[in-house]
Protein chains: 2
Amino acid sequence: MPKVGMEPIRRRQLIQATMEAIDEAGLADATVIRIARRAGVSAGIISHYFGGKDGLLEATMRQILHDLGEAVATRRAALGRAEPRAHLEAIIDGNFDRSQVSGPVAKTWLAFWASSMHKPTLQRLQSVNDRRLYSNLCHQFRRCLPRDEARRAAQGLAAMIDGLWLRGALAPEGLDVAQARRLAYDYLDQQLAREPALA
Amino acid sequence: MPKVGMEPIRRRQLIQATMEAIDEAGLADATVIRIARRAGVSAGIISHYFGGKDGLLEATMRQILHDLGEAVATRRAALGRAEPRAHLEAIIDGNFDRSQVSGPVAKTWLAFWASSMHKPTLQRLQSVNDRRLYSNLCHQFRRCLPRDEARRAAQGLAAMIDGLWLRGALAPEGLDVAQARRLAYDYLDQQLAREPALA
DNA sequence: TTTTATTGATTGAACGTTCAATAAAAATAT
DNA sequence: ATATTTTTATTGAACGTTCAATCAATAAAA
């Protein structure tokens, strides 16, 4: 059924199938045959479009990071120069979106997280994303807290977000998004309450 | 050099070598040959003492969980009926001990964490440990907070601990234990400040 | 007819496991 | 003490399996 312009279609299908395969069997057992079968194509097509299995895995991680960045950016775009609290809440909401989207994404994310410790390519992607989260948080906290307190608050909130999400990815029943948001908001409130005001 | 009573020695050597191999190359590339070479023995000995590679991996995770439990228990044993805050601080300190011990342990822990999503045996071990942490935290918070608030504080602190440790395991420079403790203590203080007192 | 997309059998490398062979220590007999 | 036997610990080559990658063959669309 070869039609012209299949590349973007196949790429999307294979990336989606990769997440499903990792969700189903784990990264170690997500073989090219398993992924290809899920996408309804043959194994050889992976090398054709991604240069090999590693290329597909990297593309999949890029997709997840892209979606995450977009989930945050979309929510913040509507805010303009709103209060810091609104921006910080948007960052929290955006970060818990990735779990809301699906269980496969969460498990794939954690699998890549572990894998990135020993694969320089993935590590770079992960590091860039991490720094972006910290930088965004820090910048907003700076609008109402002194420098050192802002840094501390940003690190604490980043850890809280990652921790909640990590525990959610591992729990058989998945992440309780409403509760996770409540705990993150709670932490946020306490950090913002440190300084009475700063007109 | 076969001497009698080698079993406990070899088991310890191989478990240690497993952590080092995972630290060095990741779980995926921690082959039996690599592990055996690190321990200074041949590959076959792994099947002899652990029944196979899976048995060795399970034993390694058990060792890590055991050490963690002991690190917490040791610190709490000296406290007796001390204030809840002292017990909670001991739990925090004990949990950050596992990173203090070495980088290999942290990376192995994260590798198992990801792997446990698809290996029932590891999942059970991980789940038991998780519930113990939550249960311990919840019990201490109950001594000075109402039920719902205690649960929330326990879940928040557990997420904070895991998040700090997770980010530490991934950071190239490792976990800054002093700073992690500061952030966890900080969260603890805020939770305990919710209720003025409860004589 | 030419181009584009896809297949799937094949290849070679790497893995975990097995097991007959070996060697050192311990036990026993001399 | 010394020699012999038994036990225990260990090796490493061989085996079967599994995987990712390759590429000649194929088929549909342009």
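Chain letters run A, B, ... following the sequence lines, proteins first, then strands; residues in each count from 1. No hydrogens, no waters, no symmetry mates; every other heavy atom, side chains included, goes into these values.
Within 4.0 Å of G55(A), counting heavy atoms only, lies no atom of the nucleic acid at all. Across all strands, Y49(B) comes closer than 4.0 Å only to sugar-phosphate atoms, never to a base (heavy-atom distances). Residue contacts for G5(B): at a heavy-atom cut-off of 4.0 Å it reaches the sugar-phosphate backbone alone, with no base atom in range. At a threshold of 4.0 angstrom between heavy atoms, the contacts of G52(A) are confined to the sugar-phosphate backbone, with no base atom among them. As judged by a 4.0 angstrom heavy-atom cut-off over every strand, T31(B) is placed among residues touching the sugar-phosphate backbone only.
Summary of the strand contacts: G44(A) and G40(B) both lie near DNA chain D, and taking for each the nucleotide with the nearest heavy atom, the more 5' one is attributed to G40(B). Both S47(A) and D29(A) sit near DNA chain D, but only D29(A) has its closest nucleotide nearer the 5' end.
Following rounding to the nearest Å, I35(B) (CD1) and dT17(C) (P) show an atom-to-atom distance of 11 Å. Distance, I9(A) CD1 to dT6(C) C1': 14 Å, rounded to whole Å. For the pair D54(A) CG and dA20(D) C1', the computed distance is 10 Å after rounding to whole Å. Per the geometry, CD1 belonging to I46(A) stands 10 Å off C1' belonging to dA20(D), to the nearest Å. One atom, CZ of R37(A), and another, C1' of dC19(D), lie 14 Å apart when rounded to the nearest Å. Protein atom NE2 of H48(B) is 12 Å distant from nucleotide atom C1' of dT7(D), rounded to whole Å. Note: CZ (R11(B)) to C1' (dA9(D)) measures 15 Å, nearest angstrom. Distance CD1 (I45(B)) to P (dT22(C)): 17 Å, rounded to an integer number of Å.
Comparing dG8(C), dT17(C), dA20(D) by their nearest atom to the side chain of K53(B) picks out dT17(C). You'll find that the side chain of M6(B) is closest to dT10(D), out of dT10(D), dA20(D), dT11(D). Side-chain proximity of V4(A) to the nucleotides dT17(C), dT4(C), dA20(D) is greatest for dT4(C).
Contact annotation: R10(A) reaches the phosphate of dT6(C) (side-chain N/O to OP1 or OP2, under 4.0 Å).
When ring centroids are compared, W165(A) and W113(A) come within the 6.0 Å threshold.
Checked by atom type and distance alone, the side chain of N95(B) pairs as donor or acceptor with a backbone atom of I91(B) at under 3.5 Å.
Open room surrounds CD1 on I33(A); 12 or fewer heavy atoms of other groups in view lie less than 6.0 Å from it.
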Quick one: do D186(A) and R194(B) satisfy salt bridge (Lys or Arg N to Asp or Glu O under 4.0 Å)? Show the steps, please.
CA-CA 12 Å; D186(A) 205 48; R194(B) 281 174 176 273; 2.4 Å; yes
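For dA25(D), the paired nucleotide is dT6(C), the pair qualifying as Watson-Crick or G-U wobble because both relevant distances are below 3.5 Å. Across all strands shown, dA30(D) forms a Watson-Crick or G-U wobble pair, both distances under 3.5 Å, with dT1(C).
V177(A) and W109(A) fall within the same hydrophobic cluster, defined by Ile, Leu, Val, Met, Phe, Trp and Tyr side-chain heavy atoms under 4.5 Å apart, directly or through other members.
Defined by atom type and a distance below 3.5 Å, a donor-acceptor pair is missing between the side-chain atoms of Q155(B) and R152(B).
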